[in-house]
Amino acid sequence: MRRVASLHLPMFAIERVRRVERSSKEPLKPRLPAALPIDDDPGACSVPRGGGWRPGAKWARAQVDAQIAALPKHRRPAARELGRHSEAAAHPFKSQVRRADQTFAEAITPHCQPLVLSEPVGRTLLAVAVCPAAEALGLSTGMAIAHARALVSDLDIRAHDRAADELSLRRLALHATTHWTPIAAASSDGLLLDLTGTAHLHGGEERFCRRVIRFLKRLGFTGRIAVADTVGAAHAIARYSGRAMAIVPMGQGAQAIAVLPVAALRLEDRAIDAAKRFGLDRVGDLLGLPRAPLARRLGRPAIERLDQALGRIAEPIDPVLPRDPVVVERRLLEPIATAEAILQVAGDLCDDLSAMLRTRGLGARAIRLSCLRVDGGAQHVAFGTAKATRDPRHLLRLISLRIDRIEPGFGIEAMRMEALRTETLSAAEMPAILAGEPATPDIASAIDQLVGRVGSAALFRVSAVESDVPERAVRQIGPLEPPLGWPIYSRPARLLRRPEPLHRVIALLPDAPPRRFEWRGAIHRVVAGDGPERIHGEWWRRDGEVWAVRDYFRLEDETGARFWVFRRGDGVDSETGDLSWYLHGLFG
C-alpha cells in the first residue's frame with residue numbers, strides 16, 4: 001500500500017534568512033541588547049581615558065540585571081552563554097578547526113530583533129512571514145506593514161525573496177532523493193516524500209521521521225512531518241494536527257482527517273467561506289453528505305480534494321530530478337601500468353570533461369579520477385580547485401601532482417573522471433585589458449598546485465573577527481577569500497597557542513607595568529613598558545566573563561625582546577581576577 005510523508009516547514013522563509021546570516025563569510029555586527037551603564041568613577045584605577053587606550057568600566061551587577069530585566073524578552077541576552085576569565089589561545093598561523101560561520105551572530109540569533117518578511121499585494125505591503133519573536137509581540141501573517149511598524153518600533157522588515165525560498169526547497173528535495181527516498185517533490189512550504197518500499201531502509205517510519213526532524217534541527221529549521229496513505233491526508237495532518245510528528249496507520253486516513261478543519265483539504269478561499277456559511281467546520285461534516293448537493297455548494301474542485309485525501313482519486317507526486325552527473329570514461333583495449341600512459345589517458349579525459357562542462361556552462365570545483373584495474377580493484381584520486389575551472393591543461397597538471405598515488409597493479413583497463421562539484425562559469429569581463437591597463441594576475445592555478453604539493457590544510461589566509469578578546473579576534477579563511485581589516489590597536493605578530501603563566505612578577509598595582517618576571521625558567525628585566533590596555537570579557541557569551549578583566553602591557557627586556565603580557569583583574573576588585581600574570585604573545 002502507498003505511504004506518503006508530508007514535511008511542513010512553517011518558518012522556512014524566516015529561518016532561511018537567519019541561516020544565511022549565520023553562514024555569511026563576513027562576521028555580522030550584532031545588535032546589542034542595550035547600552036549598559038558605565039561607572040564614571042573607576043576608583044583607584046588611574047588608566048587614562050584618552051590616548052588610544054580602552055580602560056572600559058566596572059559594571060555593578062545589580063545595575064546590569066536591572067537593565068536586562070527592563071528589556072523585552074526577545075532582546076535579553078542568553079544567560080547560558082559566558083566562561084572562564086581566560087581561554088586557550090589558538091595560534092592563528094597553525095592548524096585550526098575551520099568554523100568561518102561561527103560568529104557572535106550565531107549565539108544571539110534567537111534573541112535578535114523581531115523580523116518580518118514583506119511582499120506587495122496590490123498597493124499594500126503585507127507581512128508574509130513573521131518570526132516567533134514578532135508573533136510574541138502581537139504581529140501575524142497578513143498584517144499590513146504600516147500597522148506592524150506602528151506596533152513595534154524596532155521591527156526588522158525585509159523583502160521576501162520567494163525565488164530564493166523555492167531554490168532552497170529544491171535543494172532540500174534533491175538531498176531527499178539521494179538520502180531518503182527516490183521520489184521527492186518540493187511544495188510551497190515543505191516537501192512531499194513517497195515512502196512506499198523505502199521506510200524499512202531507515203528502520204521504520206517512526207525512526208525515519210525522527211531522523212528527518214533531527215536533520216532539520218541541525219540546519220536550523222523547524223519541521224513537522226506526517227505519514228499517511230495519501231498526499232492529501234499527510235498534507236492536512238502535518239499542518240493542522242498540531243503535532244511535530246504524526247504517523248497514521250494504514251487504512252485510517254479518513255478517521256485521522258475527520259477532526260481537522262475544512263481548510264486542511266487545500267480548498268480555495270471561496271469554498272472555505274461557503275463551508276462556513278453552511279456550518280461545515282470539520283472534514284468529518286463532509287463525509288456523510290450527498291455528493292451532488294455538496295458539489296453545488298462548495299464547487300467541484302473541493303470534491304476532488306476530498307476524494308484525493310480519501311484515496312478515491314490518485315494524486316501523483318511530480319518528483320525533482322537531479323542533474324545528470326558530469327562524467328567521462330575511457331575503456332582501454334589493453335591494460336596500462338606506466339605513469340606516462342596513465343597521464344596520456346587522463347589528458348584525453350580532461351579534454352572530454354572540459355568539453356562537457358563548456359556545453360553546460362559549468363566549471364569544476366572538485367574532481368575525482370577513478371582507475372579500474374584488471375583484478376577488480378579501483379584506485380581513486382580526488383582533488384579540488386580554488387575556483388571553478390574547465391581548463392584541461394590545468395586539470396592535467398593537478399593530476400600529475402598525484403600520479404604517484406595510483407597503484408596500477410597488473411594493469412588498468414578503464415579510467416573514469418567525474419566532476420563531483422560544479423559551479424556556473426560564464427565569460428568574464430575584461431575592461432582593464434581593453435583599455436590598455438595591466439590585468440590583475442590570476443593566482444588560482446598557482447594555489448591549486450601548491451595545495452597539491454603541501455595539502456589543503458597548509459594554505460590559508462588569516463582574517464580578523466569583531467572581538468576584543470585576542471584569541472577570538474582571528475580566524476582562518478580560504479586562500480582567495482578577502483580578509484577583513486585589522487584592528488587599529490597594536491597586536492603581536494605571534495600569539496601563543498595558550499597563554500603561559502609568568503612567575504616572580506614584580507609590578508606596582510594597579511597600573512604600572514612589570515619590572516621583572518620569569519618565563520620558561522629565564523628571568524627577564526624590563527627596561528621599557530607601555531600600558532595597560534584593558535580588555536573586558538564578553539559578558540553576553542558566558543556568566544564568568546561579566547566581571548572578567550585583563551590588563552595588557554607591551555614590555556621590552558634588556559636583550560631587546562618584546563613581550564605582550566596581561567594580568568587577570570584590574571588590581572583593585574578581587575572579583576575581576578586573581579592578579580596572576582600570563583604571556584600571550586611576542587612582537588617581532
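In this text the structure is predicted, and so the values were computed from the model without any measurement.
Shown here are the ring pair (Phe, Tyr, Trp, His ring centres under 6.0 Å) partners of H8, two or more places apart in sequence or in another chain: there are none. With sequence neighbours excluded, no residue forms a side chain to side chain donor-acceptor pair (under 3.5 Å) with E407. Every residue was checked against the ring pair (Phe, Tyr, Trp, His ring centres under 6.0 Å) condition with F383, not counting sequence neighbours, and none meets it. Applying the side chain to side chain donor-acceptor pair (under 3.5 Å) criterion to D285, with sequence neighbours excluded, gives no partner residue. Applying the side chain to side chain donor-acceptor pair (under 3.5 Å) criterion to T124, with sequence neighbours excluded, gives no partner residue. For R360, the side-chain contact (heavy atoms from CB on, under 4.5 Å) partners at least two apart in sequence or on another chain are R323, D324, V326, M356, L362. L125 is linked by a side-chain contact (heavy atoms from CB on, under 4.5 Å) to S118, P120, I145, counting only residues two or more places apart in sequence or in another chain. Partners of P261 under the side-chain contact (heavy atoms from CB on, under 4.5 Å) rule, at least two apart in sequence or in another chain, are Y240, R282. Every residue was checked against the ring pair (Phe, Tyr, Trp, His ring centres under 6.0 Å) condition with H200, not counting sequence neighbours, and none meets it. Shown here are the salt bridge (charged side-chain N to carboxylate O under 4.0 Å, His left out) partners of R416, two or more places apart in sequence or in another chain: there are none.
Judged by distance alone, the side chain of D229 and the main-chain N or O of G251 form a donor-acceptor pair under 3.5 Å.
Taking the six-membered ring where tryptophan is involved, the planes of F208 and W180 are perpendicular, since the angle between them exceeds 60° and thus also 30°.
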Enumerate donor-acceptor pairs with a distance under 3.5 Å from any side-chain N or O in residues 272-281 to protein atoms, sequence neighbours excluded.
none

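Listed by first then second residue, pairs satisfying salt bridge (charged side-chain N to carboxylate O under 4.0 Å, His left out) with a partner in residues 252-261 number zero, not counting sequence neighbours.
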